[in-house]
2 protein chains.
Amino acid sequence: MDPVSAQNRRGDTALKILAAARDVFSERGFAGTTVDEIARRAGVNKATLYYQIGDKQTLYAGVILDVMGNAAEATASDLQDAPSPEEKLRTYIRNVAAAMDRNPWMPPIMLREMAAGGRNFPEAVTRGMAQIFSILGGIIAEGVRQDVLVAAPPLLVHLMIVGAFAFFKTSAPLRERQAGAGGNWLAGEDRVSGAVATEVERLVLRALRKTPGEAG
Amino acid sequence: MDPVSAQNRRGDTALKILAAARDVFSERGFAGTTVDEIARRAGVNKATLYYQIGDKQTLYAGVILDVMGNAAEATASDLQDAPSPEEKLRTYIRNVAAAMDRNPWMPPIMLREMAAGGRNFPEAVTRGMAQIFSILGGIIAEGVRQDVLVAAPPLLVHLMIVGAFAFFKTSAPLRERQAGAGGNWLAGEDRVSGAVATEVERLVLRALRKTPGEAG
DNA sequence: GATATTATACCAACCGGTTAGTTTAAACTT
DNA sequence: AAGTTTAAACTAACCGGTTGGTATAATATC
């Protein structure tokens, strides 16, 4: 085989392992995952896994960074294209939704890591979170200056948005199970970009938009 | 010892075990928890644990039911005392917040179970959830009829509320860690009843309240 | 150009420690 | 006497990590 293909094949193995690890960790969490299962799904011997990447902890750290590391950039993208604070807020929400649809491993991993107090988040991830709040805070502040939004703590606004999306995504099996038993469980919906994001947009904008005649 | 005390002490052992299990499971999740650790924390021999309750799975089911089983009643309490749909909504939100403060095991266990797709929830728990949405749906519908609220899917509204509270509670260590690095992380806050609930109330009511002159 | 050497990638089998769960015999309680 | 608890040992299975070794191809040596 020529050098280029050889090069490709080398990288492929590590990527296959990381992809399998991402799958299994997001399904079962760190403690519930066995290294053997990851190796099995990657179609690779366990020793190869250790040769290519390292121990379980290292593998997990790689997955966390891969899954949670781009949150800030994803959330901030297209933001400056939006003309008004309202439009920026809409874009922000749509970006969060799109990130979760594009990256379905994020919600379960995020939920489990939050359950653990976020103690396993590498510094790059927490820095990204801080950036996100800072961006949202900027949007709200700009809206307040322009007299179109009311003040609100960005942390809570963000938690409401992310909480709704993350819970919605992970509740898909639950909603499916309950679909027959009455109530509008929005069964069959697994994406949040679309109807769900539109509704969250509407609610958040109603919450933050300054109504005409409202005191400054 | 008299019969009553005897009765008490017998029940006490099982309760001690369940309390320890609740602690450990909520800290480490199902897979991350060892039965020996539960027995150790309960101050009880492992054989006693198996004698009193049963295997790890049974123990976990008991904890889930204990921690998540009263959500519906807790959320619905005091609701009929509220005069208006707006007040009912406020009570609803305050009750969710109070339930999480009173029951600090709920957020981590809920997050982890949602991460697992809610597949371990006993039927009583999912029934309770359905009841909650039905209650919230009733409040909103009443508000719409009285022309004071706008329509919104109760599922999403609930997920926003619960998501914000649950994330806020579990993020306490993270917020503590980030407190020095700038940004308003609301560090030092571990309760959601109070300032956090008040803010969420405000946001949700802004989102759902029909503004004067708004089309029906 | 044939032969050794090295580097890289991979694997089957194994090892040591952990964990869920059981058993037994004795003690304590009512 | 019946029910409850304990200490301690034990097992079978599991799991993270390692070892010893193979295959391949590129590089160096003669």
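Keep in mind that this is a model prediction, so the values were computed, not measured. A, B, ... follow the sequence lines: proteins, then strands. Residue 1 opens every chain.
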For atom CG of B:Asp36 and atom C1' of D:dT6, their distance in whole Å: 15 Å
Aromatic ring pairing A:Tyr60/A:Phe25, orientation class (parallel under 30°, perpendicular over 60°, tilted between): perpendicular
Within residues 39-49 of chain B: residues closer than 4.0 Å to DNA chain C (heavy atoms): B:Lys46, B:Ala47
Out of D:dT5, D:dG17, C:dG21, whichever nucleotide has its closest atom nearest the side chain of B:Asp55: C:dG21
Given D:dT5, C:dG21, D:dG17, the nucleotide with the shortest approach to the side chain of B:Gln52: D:dT5
Protein-nucleotide distance (A:Ile17, atom CD1; C:dC10, atom C1'), rounded to Å: 10 Å
Audit row: A:Asp66, A:Leu18, side chain to side chain contact (heavy atoms under 4.5 Å, CB included) steps and yes/no: CA-CA 9 Å; A:Asp66 182 33; A:Leu18 275 169; 5.8 Å; no
Under-4.0 Å side-chain N/O to phosphate OP1/OP2 contact, A:Thr13 with C:dC10: yes
Pair A:Phe133 and B:Trp185, ring centroids less than 6.0 Å apart: yes
Value in whole Å for how far the P atom of C:dT19 lies from CD of B:Glu37: 10 Å
Partner of A:Leu49 by side chain to side chain contact (heavy atoms under 4.5 Å, CB included), out of A:Ile17, A:Thr13, A:Asp36: A:Ile17
Length of the CD1-C1' vector between B:Ile53 and C:dA20, whole Å: 16 Å
Side-chain heavy-atom pair A:Phe121, A:Met114 within 4.5 angstrom cut-off: yes
Identified side chain to side chain contact (heavy atoms under 4.5 Å, CB included) partner of B:Tyr92 from the options B:Glu87, B:His158, B:Glu201: B:His158
Separation of atom OH in B:Tyr51 from atom C1' in D:dA7, rounded to whole Å: 17 Å
Spacing of B:Leu59 atom CG relative to C:dA20 atom C1', expressed in whole Å: 12 Å
